[in-house]
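Note: hydrogens, waters and symmetry copies are ignored here, and every other heavy atom, side chains too, is used. Here is how names work: the chains are called A, B, and so on, in the same order as the sequence lines, proteins then strands, and each is numbered from 1.
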Amino acid sequence: MLFDSIRTIVRNALERLGLADVEPTIELPRHESHGDAATTVALQVARRLGKPPRTIAEEIVARMDYDPSRIAAVEIAGPGFINFRFRPRYFADVFERILDRGERFGFSDRYAGKRANVEYVSANPTGPLHPGHGRNVALGDSIARLLEAVGYRVTREYYFNNAGRQMQNLARSIYARYRQLLGDTDYPFDEENGYKGEYIFDIARELIAEYGDRLRQESDEALAICRTKGEQWCFASIRRTLERLGVHHDVFFNEHSLYTDGHIERTIAALRERGLVYEKDGATWIATTKLGLEQDRVIVKSTGEPTYRLPDMAYHCIKLSRGDDLIVDVFGADHIATIQEVLAAVGALGYDTSRVKVVLHQMVTFMKDGAPYKLSKRSGEQYTLDDLIDELGPDVVRYFFVMRAAETQLVFDLDLARQQSETNPVFYLQYAHARICSVFANARQLGIELLSRDALALDRIEHPAECALIRTLAQFPDVVERAADQLAPYIVADYLHTAAEAFHTFYHECRILGAQSDDLVRVRLALADATRTVLRNGLSVLGVSAPERM
RNA sequence: GCGCCCGUAGCUCAGUGGAUCAGAGCAGCAGACUUCGGAUCUGCCGGUCGGGGGUUCGAAUCCCUCCGGGCGCGCCA
């Protein structure tokens, strides 16, 4: 948006040079002294033309046709960069286009008509979400919001397994606590595999309230009741936590349905058909070495039960056959081995795995009292994601988890996050938004209305801080698109800081309601309003609220 | 041992598939409107981009190698 006119000017010059096929890249120079826009197109074509880039730059500039009331100077610098300097009129034109987009500024329809599926959280119902899950939750949901911001129709999916060994352990854990609470204090608890959290006692207490001592006679039926009760309790807990973070899934996919629907059978048959399956030591193996991986893996144990890999493969076959244009899996780093096997197998079955994008985030290290704070569901620790939200609020939690690139090992200092509440990056953004809202409240009291684009005297824009703010705002749509393409919400978080900063600087240097003329008051109010839109839309992508006052 | 990720300022991190003087936040130091929210703004301090090779006119960025951290490498999920 910022460089649309520049791109046209450069394209036309290239055309006159017989280089109509070249797509010039226009960039924001790293240093302000290098102007407002720069193109490296002369360097791009230097090799092809066999001429020094500076000479080419001169030829291009000589053939440029531009409006001197918009562009102050075109300079050739260094090895052949072409730098442009804008006049305020140029920024006024850009601002006009920002205003045209209104409330939707920053969002686009670039991928309109496309469908995306984002799978995240996918924690099994064996306990409350722990803080480490927070990164997956925040990352996955922000990615879903980002994709929506560029036009995708997004399905948010949660994959879970409510059968299998883990659930048996849960049931046994609950049953053991149930018996102990009933007075059978020597009833054995499986220290190795059992879930030790306090919440198991809570579930057991609910069972006592509901059934009294009627489950005291140990039976399959009693365990089944424990299992069902445990699943319901855990899912309720998980959903409550997600709700607090503004996260809602459209589809809860039960792994068990893969068995009842016959998908497991069909997948294994299809793999067998391609000669990728063999029997050894009583188990069934997949020959992933034939697909370029390190070693073969068991897909059906000698007991006849599939390993987790097989349903994962079947599940991805289903996801790929639904017709989504993009499938995003948000996983923790511990899934790295699995995802390779799954994609290799599914690819061998003829599915186009290039539609699957895996966002693999590294682990989170929580620091408390200056030391790593170990959090494990089975270690008996009580600290949960819910506790973290209690302590820091949903906005801080969401922001902190997405503020860094997924592949960094996030250090989350619980003490710092709490203390930081005054210089917190989240509050910096929210404060800018609240401040703008406050200006509008004052404007309303003075009877000053926000004017429509056509009624604004945009030629009154001349202050450098106004131009700098417009320059920053104009980048927002590109930032959103880049973040969506890279599935990287941190890019938006980073950008919002520079946007808020540009506004605060503008606010200090330019009086809005006290500007010299009514025209200028209106123009600056419109600038503040556009900034508010950017902040609101940007924060919404991150799932962070934009309060009107704080 | 093998695979993937990371190593940039005291700390946490950017650096858009190479190119015009290595950037930001926090911490530290020094300052700032008689008026729109000082949860703000301005400036300063601070880095042989983990080490060493290589490719190039040019490397934080690409290749090789070593060192240091993380996560995996089950007939657990």
Of the listed nucleotides [options], the one nearest the side chain of [X]:
{"X": "A:His504", "options": "B:U40, B:C75, B:C36", "result": "B:U40"}
{"X": "A:Asn442", "options": "B:A77, B:C36, B:C75", "result": "B:C36"}
{"X": "A:Gln166", "options": "B:G37, B:A77, B:C41", "result": "B:A77"}

So [X], base contact, sugar-phosphate only, or nothing? Heavy-atom distance under 4.0 Å.
{"X": "A:Glu294", "answer": "sugar-phosphate"}
{"X": "A:His497", "answer": "sugar-phosphate"}
{"X": "A:Cys437", "answer": "nothing"}
{"X": "A:Ala337", "answer": "sugar-phosphate"}
{"X": "A:Tyr507", "answer": "base"}
{"X": "A:Asn161", "answer": "sugar-phosphate"}
{"X": "A:Ala434", "answer": "base"}

Within the supplied structure, the quantity of interest is the number of heavy atoms (other residues, nucleotides, ligands) at a distance under 6.0 Å from [X] [atom1]; does it exceed 12?
{"X": "A:Arg172", "atom1": "CZ", "value": "no"}
{"X": "A:Glu265", "atom1": "CD", "value": "no"}
{"X": "A:Glu548", "atom1": "CD", "value": "no"}
{"X": "A:Glu449", "atom1": "CD", "value": "no"}
{"X": "A:Arg272", "atom1": "CZ", "value": "yes"}

Pairwise [atom1] distance, [M] and [N] [rounded to whole Å]:
{"N": "B:C66", "M": "B:G17", "atom1": "C1'", "result": "27 Å"}
{"N": "B:G50", "M": "B:U61", "atom1": "P", "result": "8 Å"}
{"N": "B:C76", "M": "B:A39", "atom1": "C1'", "result": "49 Å"}
{"N": "B:U8", "M": "B:C44", "atom1": "P", "result": "25 Å"}
{"N": "B:A30", "M": "B:C71", "atom1": "C1'", "result": "45 Å"}
{"N": "B:U20", "M": "B:U16", "atom1": "P", "result": "12 Å"}
{"N": "B:G46", "M": "B:G23", "atom1": "P", "result": "14 Å"}
{"N": "B:U40", "M": "B:A22", "atom1": "C1'", "result": "28 Å"}

Taking the ring centre of each residue, are [X] and [Y] less than 6.0 Å apart?
{"X": "A:His504", "Y": "A:Tyr428", "result": "yes"}
{"X": "A:Phe84", "Y": "A:Phe3", "result": "no"}
{"X": "A:Phe253", "Y": "A:Tyr158", "result": "no"}

Atom [atom1] of [X] and atom [atom2] of [N]: how far apart are they, to the nearest Å?
{"X": "A:Glu548", "N": "B:C36", "atom1": "CD", "atom2": "P", "result": "20 Å"}
{"X": "A:Phe366", "N": "B:U12", "atom1": "CZ", "atom2": "P", "result": "16 Å"}
{"X": "A:Lys280", "N": "B:G74", "atom1": "NZ", "atom2": "C1'", "result": "13 Å"}
{"X": "A:Phe400", "N": "B:C26", "atom1": "CZ", "atom2": "P", "result": "12 Å"}
{"X": "A:Ile286", "N": "B:G74", "atom1": "CD1", "atom2": "C1'", "result": "16 Å"}
{"X": "A:Leu28", "N": "B:A14", "atom1": "CG", "atom2": "C1'", "result": "15 Å"}
{"X": "A:Glu27", "N": "B:A19", "atom1": "CD", "atom2": "C1'", "result": "9 Å"}
{"X": "A:Arg482", "N": "B:A14", "atom1": "CZ", "atom2": "P", "result": "13 Å"}

Indicate whether any N or O donor in one side chain lies under 3.5 Å from an N or O acceptor in the other, for [X] and [Y].
{"X": "A:Asn83", "Y": "A:Glu75", "answer": "no"}
{"X": "A:Asp329", "Y": "A:His316", "answer": "yes"}
{"X": "A:Thr472", "Y": "A:Gln475", "answer": "no"}
{"X": "A:Thr284", "Y": "A:Glu279", "answer": "yes"}
{"X": "A:Gln430", "Y": "A:Tyr399", "answer": "no"}

Check whether A:Gln445 reaches the backbone of A:Asn442 with its side chain - one donor and one acceptor, N or O, closer than 3.5 Å.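 No, the answer is negative, given that no donor and acceptor are paired below the 3.5 Å cut-off.
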Donor-acceptor check, side chain of A:Ser517 to backbone of A:Leu520, threshold 3.5 angstrom: yes or no?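 Between the backbone of A:Leu520 and the side chain of A:Ser517 there is a qualifying donor-acceptor contact (under 3.5 Å).
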NZ/NE/NH1/NH2 to OD/OE distance under 4.0 Å, A:Arg309 and A:Asp312: no
Salt-bridge test for A:Glu119 and A:Lys319: reply yes if a basic N is under 4.0 Å from a carboxylate O, no otherwise. yes
Check whether any side-chain nitrogen or oxygen of A:Tyr428 sits under 4.0 Å from OP1 or OP2 of B:C41, and answer yes or no. yes
Heavy atoms within less than 4.0 Å of RNA chain B: which residues of residues 401-411 of chain A have one? Give them sorted by number. A:Arg404, A:Ala405, A:Glu407, A:Thr408, A:Gln409, A:Leu410, A:Val411
By a strict heavy-atom criterion of less than 4.0 Å, which residues belonging to residues 297-309 of chain A are in contact with RNA chain B?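 Contacts with RNA chain B under 4.0 Å: A:Arg297, A:Val298, A:Lys301, A:Ser302, A:Thr307, A:Tyr308.
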Please write out the pairs of protein N or O atoms and N or O atoms of nucleotides 42-45 of chain B separated by less than 3.5 Å, giving the distance to one decimal.
{"residue": "B:U42", "atom": "OP1", "partner": "A:Thr505", "partner atom": "OG1", "Å": "3.2"}

In chain order, what residues pass the salt bridge (charged side-chain N to carboxylate O under 4.0 Å, His left out) check against A:Asp519, with sequence neighbours excluded? A:Arg460
Might you list the N or O atoms of the protein lying below 3.5 Å from N or O atoms in nucleotides 30-35 of chain B, with each pair's distance?
{"residue": "B:U35", "atom": "N3", "partner": "A:Arg511", "partner atom": "NE", "Å": "3.3"}

Let me spell it out: for each of A:Ala38 and A:Thr338, pick the nucleotide of RNA chain B with the closest heavy atom. Which residue's pick is nearer the 5' end? A:Ala38
Of A:Asp296 and A:Gln340, whose nearest nucleotide on RNA chain B comes first from the 5' end? A:Gln340
Any side-chain heavy atom of A:Val10 within less than 4.5 Å of one from A:Ile82?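 No - every pair of side-chain heavy atoms lies 4.5 Å or more apart.
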A correct dot-bracket answer for RNA chain B, with pairs being Watson-Crick or G-U at under 3.5 Å, [ ] for crossing pairs and | for inter-strand pairs, is (((((((..((((.........)))).(((((.......))))).....(((((.......))))))))))))....
